[in-house]
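Throughout, residue positions are numbered sequentially from 1 according to the sequence presented. Indexing begins at 1, ligand by ligand and atom by atom, following the structure's order.
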Amino acid sequence: MKLRGGYNIFLQGRPGSTIKAMPEPKTLYLPLSSKRFRFSAIHVADGQDVALGDVLATDPNNYDVPLLAPRAGSVRLGQVEDTVVLENIAKSQEYADTNGRMEEVQHVERTFGAAGAQRRRLMMLGAWQFLHEAHSGRLPDPLGTPQAVLVSTLSLEPFTARGDVQLQARLLNFTRGLEHLQSLLEYQPIYFVLPDIKSEFASIVRNHIRGYASVKMVELPLTYPYDDFAVLARSLGLSSGNGPVWALRTEGVLAVDRALTAGKPCVTRIISIGGTGVVSPGHLRVVSGYPLKCITDKHVFEPHPRIINGGIMTGEAFGPGALGIDTECRGITVLPELQEREFLGFMRPGSERSSYWPCFLSSMVQRFAERLTTAMRGERRPCISCNACEEVCPAGISPHLIHKYLYRDLVEEAAAARVDLCVECGLCSYVCPSKIDLRAQFVEAKNGIAREKAEMLETKARQESTEEVNA
Ligand code: SF4
Ligand code: SF4
C-alpha cells in the first residue's frame with residue numbers, strides 16, 4: 001500500500017485507555033445538526049412522551065437517517081434553538097418496538113431481499129449513521145452496492161476516541177459485526193485496517209474470522225492522517241469511478257453487531273475527553289444529547305478553555321448555544337485559550353516548542369510531547385513558500401499554490417489544481433509556519449465549487465425538460 005505525506009503529531013493530553021461511565025442525566029439536549037446530518041423533519045410534538053429508540057426526527061437529505069431517543073422521557077421543542085430537549089428521563093430503559101417498525105423491515109425484505117432488510121434495520125436502529133462513503137465522506141445509500149468496505153481500528157487524529165479502547169472486552173462483538181457486514185454484501189472485499197498485522201491482536205482477530213474469505217487484512221503506519229477513509233481508498237486503488245466504497249470504524253462495527261444481534265438501538269457512544277485542559281484525559285461512555293456542562297464541570301480545570309467537538313485537526317469549537325453531545329461526536333478536546341497576544345512568537349523558537357521544521361531548539365533534545373494551547377506563535381503571516389504543506393499533504397496536491405489562487409479569487413485555477421482531492425485533514429494548516437488556515441479555505445472552496453456544479457446540472461436538466469416539452 002503506497003501512502004504519501006502525513007506527520008507524526010506528538011502532544012500532551014492524549015486520552016488514556018480508561019472508560020468512565022457518566023452518571024445518568026436528568027435532561028438530554030439533542031442537537032438537530034451535526035457534521036453530516038441536519039434532522040429537519042421533526043416526528044414528535046412538544047410535551048409528547050417517548051420511549052427509548054423512538055424516532056424524534058429524520059434527515060430528508062440523508063436517506064431519512066433518524067435521530068433516536070436515547071432514553072424514555074418527555075419532549076420539549078422550541079425551548080433551546082436547533083435542539084430537541086428530553087426531560088423527566090425515565091428510570092426503566094427497556095426498548096420496545098412500539099411503532100410497528102419491524103413490519104416495515106418485513107416489507108423491505110419482500111422487495112429487496114434479506115440483505116436489504118438488514119440494511120433497513122441498521123438504519124432504523126441508528127447503526128447506519130456510522131457508515132461513510134469513503135471518497136465523499138457522506139452517508140452511503142442503504143440500498144446501494146459498494147465496490148468494497150473499509151474497516152479501520154485506528155484513530156490517528158490527536159485526542160479523538162481510540163479504537164483499541166472501544167474494543168476493550170468486546171472482541172467477540174467486533175468479529176460478529178464483521179460477519180454481519182459480510183452478510184450485507186455479495187462478493188465485495190472487506191479491507192480490515194490494522195497498525196500491525198503480525199501483532200497478537202491481529203492473530204486473535206485472524207483466528208476469529210478464519211472462515212471469512214472476503215476479509216483482507218491491511219497494515220497501516222501510525223501516522224496522521226492515514227486512517228482517513230479517502231486516503232485509504234486511494235492507496236488501495238479503489239477509485240470513485242468504480243462505485244462507492246463504504247467505510248466504518250471500530251464503533252461502527254460494534255453498532256452493526258448491536259443492531260443485528262441484539263436488535264437494540266445504538267444510542268450510546270464511547271467518546272474521548274482529551275487535551276491539555278483536562279484533569280485526566282480518557283474516555284467516557286455517554287448517550288447522545290448528554291449535557292456538555294456535566295462533562296466539562298467534572299473534567300476541565302482550565303479557567304479559560306476552548307472546547308472542541310472532535311480532535312484538534314478537524315474538530316470545531318462548540319458554539320455558545322451548544323448544550324449536548326451530537327450523534328456524531330467522537331471526542332471532546334479542551335485547550336487553554338490564550339488570553340494575551342503572543343507578539344512575534346515565531347521569533348522565539350525555544351527548546352520547549354516543537355515544530356515540523358528543525359528550526360526550533362527542541363530539535364536538538366529528545367522527542368517530547370508538547371503542551372498545546374490555542375496560541376499561534378504570533379499573528380498570521382504571508383506564505384513564505386517553504387513547501388511544508390506540500391510535503392505533508394496526503395492528497396498529493398499543492399496547498400500553497402491553491403492558497404495563492406484562492407487568495408486572488410482564481411477559483412477555476414484552484415479547481416484545475418484539484419482542490420477537490422483535499423481530504424480536509426488539516427495537516428497543511430498545522431505545519432504551516434505562517435499559520436495560514438489552509439484547510440478552512442479549501443473546505444469553503446470545495447463547497448462553493450460543488451454548489452456551482454449542482455446548480456449547473458439543475459439548469460441543464462431544466463433546459464432539457466423544457467426542450468422535450470417543446471419538441
Ligand atoms: S490540502 Fe487538504 S488533504 Fe492536503 S494537507 Fe491540507 S487539508 Fe490535508
Ligand atoms: S506551509 Fe505555509 S508558508 Fe509554507 S508553503 Fe505552505 S502555505 Fe506557504
Worksheet entry | Option from R285, R162, R269, R170 for which salt bridge (Lys or Arg N to Asp or Glu O under 4.0 Å) with E251 holds | R269

Worksheet item: With a 4.0 Å cut-off, would you call R38 and D59 a salt bridge?
Response: no

Fill in: Atom-level proximity to ligand 1, residues with heavy atom under 4.0 Å
C393, P394, A395, I397, P399, C422, V423, E424, C425, G426, C428, F442

Fill in: Aromatic ring proximity Y224/Y7, centre distance under 6.0 Å
no

Worksheet entry | Backbone of P142 reached by a side-chain donor or acceptor of R119 within 3.5 Å | yes

Worksheet item: Which of the atoms of ligand 2 are close to I384, meaning less than 4.0 Å from one of its heavy atoms?
Response: 3 (S), 8 (Fe)

Discussion item. Is there a side-chain contact (heavy atoms from CB on, under 4.5 Å) between V193 and L232? Walk through the geometry before answering.
Written reply: CA-CA 9 Å; V193 185; L232 273 177; 4.0 Å; yes

Response to the item:
Per-atom filter on ligand 2: closer than 4.0 angstrom to a heavy atom of S385 are 5 (S), 8 (Fe)

Worksheet, complete the sentence: Taking only non-hydrogen atoms of C386 and a 4.0 Å limit, the atoms of ligand 2 in range are 1 (S), 3 (S), 4 (Fe), 5 (S)

Worksheet item: Are R306 and E337 within salt-bridge range, i.e. N to O under 4.0 Å?
Response: yes

Item to complete: Mark up the atoms of ligand 2 that fall under 4.0 Å of a heavy atom belonging to S434, in ascending order.
Response: 3 (S)

Item to complete: Show which atoms of ligand 2 fall inside a sub-4.0 Å distance from at least one heavy-atom site of N387.
Response: 4 (Fe), 5 (S)

Discussion item. Salt bridge or not between R234 and D228? Use side-chain N to carboxylate O under 4.0 Å.
Written reply: no

Worksheet item: Are any of the side-chain nitrogens in R462 or E458 under 4.0 Å away from the carboxylate oxygens of its partner?
Response: yes

Worksheet item: What do you reckon, are the aromatic ring centroids of F174 and F192 less than 6.0 Å apart?
Response: yes

Worksheet item: Just which atoms of ligand 2 are under 4.0 Å from any heavy atom in C383?
Response: 3 (S), 5 (S), 7 (S), 8 (Fe)

